[in-house]
Structures are given as structure tokens and as C-alpha cells.
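A note on names: the letters A, B, ... follow the listed sequences, proteins ahead of strands, and every chain is numbered from 1. Side chains are part of it too, since the values below use all heavy atoms of this structure and drop only hydrogens, waters and symmetry mates.
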2 protein chains.
Amino acid sequence: MKSKYTTIIDIAKQLNISKSTVSRALTGHPNVKEHTRKAVMELASTMEYQRNSLALGFSKHTTHTVGIMVPEFMSTYFPSVIVGVQDVMQAAGYNVVICQQNESYETEVANMKLLLSYRVDGIIVSHTKETRNFDHFTLAQRRGVPLVFFNRVPDELNVPNVIVNDYEAAFQAVEHLISIGRRRIAHLAGPDALVNSRLRRQGYIDALKKHDIPYNPDLVLSYDLTTEKVKIYMKHFLDLGTPPDALFAINDPTAIAAMEVVKAKGLRIPHDIAIVGFSNDLSAGLVYPGLTTVAQPTGEIGRMAAEMLLQELNAKVKNDYSIKKAPTTQLPTKLIIRESTVAKTN
Amino acid sequence: MKSKYTTIIDIAKQLNISKSTVSRALTGHPNVKEHTRKAVMELASTMEYQRNSLALGFSKHTTHTVGIMVPEFMSTYFPSVIVGVQDVMQAAGYNVVICQQNESYETEVANMKLLLSYRVDGIIVSHTKETRNFDHFTLAQRRGVPLVFFNRVPDELNVPNVIVNDYEAAFQAVEHLISIGRRRIAHLAGPDALVNSRLRRQGYIDALKKHDIPYNPDLVLSYDLTTEKVKIYMKHFLDLGTPPDALFAINDPTAIAAMEVVKAKGLRIPHDIAIVGFSNDLSAGLVYPGLTTVAQPTGEIGRMAAEMLLQELNAKVKNDYSIKKAPTTQLPTKLIIRESTVAKTN
DNA sequence: ATTTTTCATGGGAACGGTCCCAATATTTTG
DNA sequence: CAAAATATTGGGACCGTTCCCATGAAAAAT
């Protein structure tokens with residue numbers, strides 16, 4: 001079946017010249033007569049010629065397209081990182097293809113294979129909460145496709161990445177809770193498999209230690225980041241003989257779901273329990289009371305990840321991270337204090 | 001430069017058979033000896049063969065990939081539509097490539113050309129608020145690439161689409177405001193260029209008319225969907241000699257931004273002014289007070305759009321919408337009543 | 001055992017573009 | 001004006017896969 005797309009051969013035939021000349025005219029090669037170039041350009045325009053990127057990528061082994069893989073995008077975190085990535089990549093002449101994993105490991109592997117089968121030049125990744133096996137990532141590396149990770153970075157892999165100081169940020173967040181007089185601080189942690197989840201928990205533990213508050217394992221629960229579990233675990237915390245007077249949540253959706261439970265139980269925030277989230281999701285500023293949280297520079301994270309990927313792509317000699325240390329960029333966070341930790345009228 | 005990817009020719013050479021046979025073995029063609037097939041499959045696995053979709057799409061004129069173009073994804077509306085699309089498309093064996101326009105017409109045109117240059121088989125679209133020219137859409141149609149629109153559907157084009165009854169939903173929302181005793185109902189409308197914006201406004205007008213409330217043009221402002229403008233226009237409404245006692249906002253982000261203004265001015269919601277949004281964004285249930293809004297079945301919208309696109313793709317004879325009416329699917333909305341229109345304790 | 005049928009494999013064109021090299025046209029130079 | 005240099009064009013290989021057609025091998029039928 002003949003395609004409806006115009007090809008350079010169609011143009012060449014109409015003008016009675018060779019497809020080589022048409023190709024040269026269209027790609028701006030210097031050695032084409034002005035007269036010829038003009039004719040080609042005009043005909044291409046009227047015939048609505050649309051270059052075939054498949055053919056091009058196929059024959060050139062480079063597609064000028066990069067992929068970005070995110071675990072989910074129902075919070076504003078990943079979308080705004082993506083916008084940052086697109087900014088930089090489009091300015092550099094690259095196309096960006098977005099893949100969304102729905103927090104499913106299988107989808108992640110499938111999407112990786114999809115991107116590789118389309119021969120993207122590089123990939124920016126934040127893996128799912130289920131990911132324990134990293135073969136699909138090393139596969140990309142073996143294929144010479146550079147990866148840059150952000151947010152969720154596997155520590156089993158030596159890869160370029162963009163992160164924030166999760167440990168330090170968590171430490172500060174918990175210190176803030178201590179500074180407003182809280183002592184029984186609970187922590188709803190993420191899955192242990194996520195490095196940033198472990199780091200945030202360690203920040204929590206060390207902040208308590210610094211202020212001579214004994215670490216109480218009963219006040220820490222790791223969970224799978226599903227809203228239902230937040231409800232169960234939060235109820236559990238509130239039903240303790242002596243319930244916590246503060247909560248440090250692994251992220252904003254967790255904190256917000258926890259707030260619902262607290263409010264449903266008729267307790268007051270922050271009077272009875274102060275709450276801190278993480279990432280400064282758009283909704284953190286909208287909930288009542290406003291949620292204190294750790295702001296991450298999401299757009300900047302995306303832009304940096306893109307810059308680092310460009311560096312990999314433009315490297316004359318491919319970086320071999322089996323022998324040298326992969327670069328890492330750490331961006332600053334900022335604790336945003338809202339009413340969930342400091343009552344407006346006090 | 002030799003690519004690092006394994007090809008079927010590499011496999012063929014190793015096994016001393018022809019690439020045709022390898023191809024047949026890999027694609028599950030019946031006429032291959034079991035013994036041969038097994039050998040090929042094994043070697044393909046150990047050599048980590050990854051089919052080259054560029055070559056395939058290039059030679060077959062079909063990529064089994066569809067695109068989805070959304071104007072933005074900072075609200076939860078478009079992401080959850082996308083998830084619905086992915087559900088259906090992946091089950092049908094299609095890949096989904098996501099493009100995000102940042103509400104920019106230029107980006108929309110660029111993304112359309114990108115998708116066409118990658119020869120996607122079909123595209124699901126919701127256009128930007130800036131889009132006035134639809135040539136890039138008709139171009140796709142001329143190329144035989146079926147389009148299905150949702151949410152923002154240009155009425156200049158006869159295309160398959162998935163919508164909700166914006167008129168009726170708006171009508172009900174405004175009737176609800178009237179039912180709780182409001183008479184001075186303001187409307188922050190979207191750009192006139194958006195069909196659903198016009199429909200919602202008409203619903204607003206007709207609901208007033210039905211209840212014998214004179215239509216007051218001073219209480220209606222069309223705006224460009226930027227947060228800054230909401231602030232200006234909302235302040236304007238509140239500064240009127242007799243300020244409105246209710247607001248019907250074109251969408252939830254508008255409503256929420258308006259709530260901020262109202263609260264900043266020290267007015268009470270819903271006591272002084274009741275507010276209704278549109279789309280039931282995740283944040284509508286989080287803000288204080290909870291925002292009454294029109295829920296759209298976002299996942300279902302995505303799934304339906306995908307189903308309709310599959311129908312186009314599987315049609316033995318391509319549907320020619322220059323001669324016949326394009327199908328449309330209308331899905332139900334539901335008014336979700338929260339505290340922004342009905343005080344909890346009354 | 002020979003012919004026919006079926007099964008399994010190989011060979012090569014096609015897809016659309018780029019790019020190298022050769023061929024021709026044009027201009028410059030001696 | 002011929003020779004050399006340069007500008008412009010054409011020809012064809014190449015990229016990886018599928019698929020059609022031809023060929024060879026094995027199995028079935030006579």
C-alpha cells in the first residue's frame with residue numbers, strides 16, 4: 001500500500017532532478033543552486049512534505065529524541081519536572097517522549113523496551129516504587145543509551161543523577177517540629193526499597209537523636225504509598241495509648257490523606273497533631289490547614305537532568321560508568337512553613 | 001558507526017541461516033521448524049535482541065503507536081484522562097506517546113509535526129486555549145491519520161470526539177446556586193475560542209433565565225485561564241457596589257484561585273459568596289472549604305476516546321468525515337456538592 | 001520408486017532518507 | 001582558448017525488517 005505521505009522521491013520526480021539534490025536542498029546543504037533550492041522548497045511546501053523521522057533515525061542511528069519515564073503523574077511533582085525537561089531539551093533540538101508507569105514495574109520494563117525499540121538517544125528516569133530489579137536500566141546502558149536519574153535513584157547503579165538532600169531536608173523538617181515543642185513525632189515512611197525513603201527516615205531518626213528524644217519504633221511505619229494504607233496506619237497512630245503530637249509524612253499526598261483521618265476523628269491540626277509533608281505539591285498550599293512541607297525545585301530538577309543528559313549525549317567519548325564515578329547534582333530544598341505546624345492565631 | 005544493537009542479521013550469521021528464517025522465527029510465523037525456532041529464540045535472548053521499531057514502522061507504514069496531545073497537565077484532569085487512554089491502548093497492543101503543549105499553539109503545531117514525522121497511527125487531542133487555526137489537524141487527516149478529540153473540541157472540524165454535556169452541567173451547577181437562594185451569580189468564563197467555555201456560559205445564562213433572574217453582563221468575565229487574571233477579575237467582582245453572592249467558575253483552578261481572593265478579603269465561603277467549579281480536580285476536595293464542582297468521568301473519557309480511535313484504526317474502509325457525520329460520545333457529569341455552596345453546620 | 005504435496009528455508013526487493021563518490025557543468029585562471 | 005579549479009548534480013550503497021517468490025527438503029500419495 002502506498003503511503004499518503006510525500007517523499008523526497010515524489011518531489012525529485014516532479015522537478016526532474018535526483019533525490020540527492022532534493023535531500024541537499026531540504027537539509028540546507030551549501031552546494032545547491034539557489035534556483036534549485038527555491039523550487040524544491042516551494043514544491044515541498046505545496047505538497048506538504050513531512051520528513052520521515054523513522055527512515056531518518058533508522059539510517060542515521062540517532063533519533064534526536066529522548067524519553068522521560070516517571071512512576072506516576074497524579075501529583076504535581078513529576079509533571080513539573082517534565083516541563084523543565086521539555087524546556088531544555090526542545091531548546092537543544094530534541095524531542096521528548098513521556099512515559100508513565102502507573103507505579104508498575106512491568107509497565108516500567110515495557111516502556112523501557114518501547115523507548116529502546118524506538119531508539120531514543122537517551123532517557124531520564126525516576127523508577128517505580130516496585131522496582132527491585134534493574135536489568136532494564138543496565139540493558140539501556142549496554143546499548144549505549146545514556147540514562148540520567150532523578151528523585152528515585154537506585155543506589156545499586158552508578159548513574160548520573162539529580163537529587164535533593166533528602167536526609168538533610170527531613171532532618172530540618174523534624175527539627176522544625178521539635179522547635180514548636182513536639183516530642184512524640186510519628187513518621188509515615190515510604191517503602192524501604194526507595195533510597196530517598198530510607199534517607200528521609202534516617203534524617204528523622206537523627207534529628208530526634210540530636211535533641212535527645214528517644215527513637216520509638218512504634219511511631220514509625222513504612223508503607224506502600226497507597227491512600228488506603230495511610231488511613232489504616234494513621235488510625236493506628238491515633239489509637240495508641242499516647243497518640244503522637246506530630247507527624248512527619250514521606251510526601252504530601254501521604255500528609256494530606258493523614259490530615260483527613262485526623263480531621264475525621266475531630267482532632268485539631270496543629271493543636272493536637274502537627275503535620276509536615278514533603279515536596280510542596282500544589283495541593284499542599286490548598287488544603288486546610290495549609291501543609292508545612294519541604295519544597296523541591298521541580299522545574300530546576302527537570303532542567304538539570306536534561307542538561308546532564310545533553311552532556312552525556314554530546315560527550316565525544318562515551319562516559320563509561322563501570323570505571324568512573326557518575327556525576328550527581330544536588331539541588332537545595334526549602335522548608336515551607338504553613339498552618340499545619342504553626343497555628344495562624346496563637 | 002556500527003550500532004550496539006543486535007540485529008536479525010547478527011543472529012542469522014551466528015546460526016548460519018538466513019535472516020528471513022530468523023524473522024519468521026521471531027514473529028511467530030508457522031512455517032519454521034521447532035528446532036530452528038528454539039535456537040533463534042535462545043540466541044535472541046542471550047544476545048538481548050531488541051527489535052528495531054524504526055525499521056519496522058518504516059517498512060510497514062504502521063507503527064502501532066498512537067499519540068495523545070494535551071494542553072497542560074498541572075491539574076489532575078488531563079493526567080487521569082491519559083491513564084484511561086493508556087489502559088485501553090496498551091491492552092490493544094498499541095504504544096502511547098504523550099505530548100504536552102504548555103497551552104502554547106506553537107508547541108501544539110510542533111508536537112503534531114513530531115508525531116506525524118514519527119508516523120503514529122492515530123492521535124487523541126485536546127487543543128490549547130490559543131488554538132484558532134486548525135490546519136495542523138486537517139493535515140493529519142489528509143495523511144490518513146485518524147484524530148479523536150476530547151474536552152476541547154473545535155466546532156470548525158467534523159471529527160470524532162468524546163465530550164460531556166457542558167451546557168447541561170453548567171445549567172445544573174447554576175441551578176444549584178439558585179436553589180440555595182443565590183441571585184447575584186457571577187461567572188468567570190474561559191476564552192470564547194473554546195467551545196466548552198461558550199457552552200458553559202450559555203448554560204449559566206439559560207439557568208438564570210429559567211428562574212427569572214435577569215442576565216447581568218457585568219457579572220460575567222471571559223479570561224485567559226491564568227491565575228493572575230483570576231485575582232484581578234475576582235477583586236473586581238468583589239469591589240462592585242453590590243458584590244455577587246455566588247460564583248460559577250469555568251474550572252476548578254479558577255474556582256480555587258477565586259477562593260483565595262475571597263478569603264484574603266475576609267469574606268466567608270459560602271456565607272458571603274458561594275462558589276462552584278468544574279471538573280472535580282483532586283484539589284477540589286482538599287481546599288477549605290471543599291469546592292462544589294461538576295465531576296467529569298475522566299478515566300472513562302480517556303478510555304472512550306481510545307476505543308473510538310481503535311474503531312477508526314480498525315475500520316476496513318477509512319471513514320471519510322468530509323462526507324459523513326463524525327461520531328460523538330457524550331458522557332455523564334455529576335454535581336458534587338461540598339461546603340463551598342452548602343455550609344456544613346447550617 | 002516416482003510424483004505430488006507440504007514444509008522449511010534462502011534470496012532479494014522494498015521502505016525513505018543521507019552521504020560518499022563520480023560525473024558533469026560552470027567559472028576562473030594562465 | 002585550453003586547462004584547472006570549483007560548483008552542482010546524479011548514482012547508488014546503506015540502515016533493519018518484512019514479505020513475496022523461488023528453491024530445496026521432507027513427507028505423503030500414487
Rounding to a whole Å, what distance do you find between [X]:[atom1] and [N]:[atom2]?
X: A:His61; N: D:dG16; atom1: NE2; atom2: C1'; answer: 9 Å
X: B:Leu54; N: D:dT17; atom1: CG; atom2: P; answer: 10 Å
X: B:His64; N: D:dT17; atom1: NE2; atom2: C1'; answer: 16 Å
X: B:Tyr5; N: D:dG16; atom1: OH; atom2: C1'; answer: 13 Å
X: A:Ile9; N: C:dC15; atom1: CD1; atom2: P; answer: 7 Å
X: A:Leu26; N: C:dG16; atom1: CG; atom2: C1'; answer: 12 Å
X: B:Leu56; N: C:dA14; atom1: CG; atom2: C1'; answer: 14 Å
X: B:Phe58; N: C:dA14; atom1: CZ; atom2: C1'; answer: 8 Å

Could you pull out all residues at least two apart from A:Tyr118 that satisfy ring pair (Phe, Tyr, Trp, His ring centres under 6.0 Å)? none

Please round to 10 degrees the angle between the axis of the first five pairs and the axis of the last five pairs in the helix from C:dA1-D:dT30 to C:dG30-D:dC1. 50°

So ring-ring contact (aromatic ring centres under 6.0 Å, His included) across residues 79-108 of chain B, not counting sequence neighbours, yields B:His64-B:Tyr94, B:Tyr105-B:His136

When you measure from the side chain of [X] to the backbone N and O of [Y], does any donor-acceptor pair fall under 3.5 Å?
X: A:Asn133; Y: A:Asp135; answer: yes
X: A:Asn319; Y: A:Ala326; answer: no
X: B:Asp10; Y: B:Thr7; answer: yes
X: A:Thr63; Y: A:Arg119; answer: yes
X: A:Asn158; Y: A:Lys324; answer: yes

Look at B:Tyr49 and D:dT17 and indicate whether a side-chain polar atom (N or O) is within less than 4.0 Å of OP1 or OP2. yes

Counting side-chain heavy atoms from C-beta on, which of D:dT17, D:dT18, C:dT18 comes nearest to B:Ser23? D:dT18

Sugar-phosphate atoms are those with a prime plus P, OP1 and OP2; base atoms are the rest. Using that split, label each nucleotide of nucleotides 6-14 of chain D B, S or - for protein heavy atoms under 4.0 Å, 5' to 3'. --BBBBBB-

Suppose the criterion is salt bridge (Lys or Arg N to Asp or Glu O under 4.0 Å): which pairs have a residue in residues 17-41 of chain B, not counting sequence neighbours? B:Glu34-B:Arg37

Listed in order of residue number, which residues of residues 112-123 of chain B have a non-hydrogen atom at under 4.0 Å from DNA chain C? none

Could you verify whether a donor N or O on one side chain and an acceptor N or O on the other, from B:Ser20 and B:Ser23, lie under 3.5 Å apart? no

Does a salt bridge link B:Glu103 with B:Arg152, judged by any charged N lying under 4.0 Å from a carboxylate O? yes

For B:Ala55 and for A:Thr27, locate the closest nucleotide of DNA chain C by heavy-atom distance; then report the residue assigned to the nucleotide nearer the 5' terminus. B:Ala55

Would you check if A:Ile8 and A:Tyr49 make a side-chain contact, meaning some heavy-atom pair closer than 4.5 Å? yes

